[in-house]
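Working notes, structure below.
Positions are given from 1 along the sequence.
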Amino acid sequence: MTISYQFLSLLAMIASGVATGFLVESFRDSCQTFRPGALLRRYQGFFEILLWLVLGIASFYLLFYLRDGSWRIYDPAAQIVGIISYELWFRKPMLIGRRVFVRLVIQPIWWILQLITKIIHRIVRIFINLLTLIFWPFIKLSKKMNLRSLKKT
């Protein structure tokens, strides 16, 4: 393995640390947007541990992809440097990018999904009202017939 290849893999591990810091902070922020009784917010600690496990597996997969799984002592140090550099330099620009992404991509998709569910709900309500209107005379007639049949003669 050449020196330049080792340097590139070191940079990849630092970038992995930056991505880890961003994903963990984004997860924590998104959990706080839910109502206090929500499942994700109630078990936030458990889901954060799962997130850390998935990120650890992903970083090992990155090592496996870059260096056939060979692990160097500077790899965890590079990830810690990446997390620290995220907190020091990359946090504000990445949070601005996240906010722009949410406003331009996520919110329109969420709005469209809410619109579709409201339209489907209205269609179902109209269908139920039509069925009720159509069967209303039969329901009234059957109730009267049942009341007459229950009367003593």
Is there a path from W89 to I84 through hydrophobic residues (I, L, V, M, F, W, Y) whose side chains come within less than 4.5 Å of each other?
yes
Report yes if the side chains of I83 and F22 come closer than 4.5 Å at any heavy-atom pair, otherwise no.
no
Taking the side chain as everything from C-beta on, heavy atoms only, tell me whether Y74 gets closer than 4.5 Å to Q6.
yes
Quick one: pull up CZ in F60 and CG in L55 and give me the separation to the nearest 0.5 Å.
15.5 Å
Keeping the roles fixed (side chain from R91, backbone from Y86), state whether a donor-acceptor pair exists under 3.5 Å.
no
Is it true that V24 and I14 fall in one hydrophobic cluster, defined by side-chain heavy atoms closer than 4.5 Å?
no
To the nearest 0.5 Å, how far apart are OG in S59 and CG in D75?
9.0 Å
Min side-chain heavy-atom separation T20-S16 under 4.5 Å:
yes
Looking at CG of L62 and OG of S9, how far apart are the two atoms once the value is rounded to the nearest 0.5 Å?
9.0 Å
How close do C31 and L40 get, counting heavy atoms only, and between which atoms?
SG-CG, 3.9 Å
Do L63 and R72 have side chains that approach each other closer than 4.5 Å (heavy atoms only, starting at C-beta)?
no
Over all atoms of both residues, closest heavy-atom pair of M13 and A78:
CB-CB, 3.8 Å
Taking all heavy atoms of V102 and all of P108, pick out the closest pair and write down the distance.
O-CD, 4.4 Å
Interatomic spacing from CD1 in I123 to CD1 in I128 - rounded to 0.5 Å:
12.5 Å
Considering all heavy atoms of both residues, which atom of R41 and which atom of P36 are nearest to each other, and what is their separation?
NH1-N, 3.7 Å
Is any side-chain heavy atom of R28 closer than 4.5 Å to one of E48?
yes
Verify the cluster assignment for F46 and V54: are they in a single hydrophobic cluster under the rule of side-chain heavy atoms below 4.5 Å apart?
no
Hydrophobic cluster membership, with links at side-chain heavy-atom distances under 4.5 Å among I/L/V/M/F/W/Y: are L133 and W136 in one?
no
What's the shortest heavy-atom distance between G37 and R42, and which atoms?
O-NE, 3.1 Å
Does any non-hydrogen side-chain atom of L130 lie less than 4.5 Å from one of I126?
yes
Distance (rounded to the nearest 0.5 Å) between L23 CG and R98 CZ:
10.0 Å
Transitively linked via ILVMFWY side-chain contacts under 4.5 Å: L10 with I80?
no
In Å, rounded to the nearest 0.5 Å, how long is the span from CG of L8 to CG of L66?
9.0 Å
Non-hydrogen side-chain atoms of L115 and W111 separated by less than 4.5 Å:
yes
Is any side-chain heavy atom of E25 closer than 4.5 Å to one of M94?
no
Quick one: does any side-chain atom of S85 pair with a main-chain N or O of V81 as donor and acceptor, under 3.5 Å?
yes
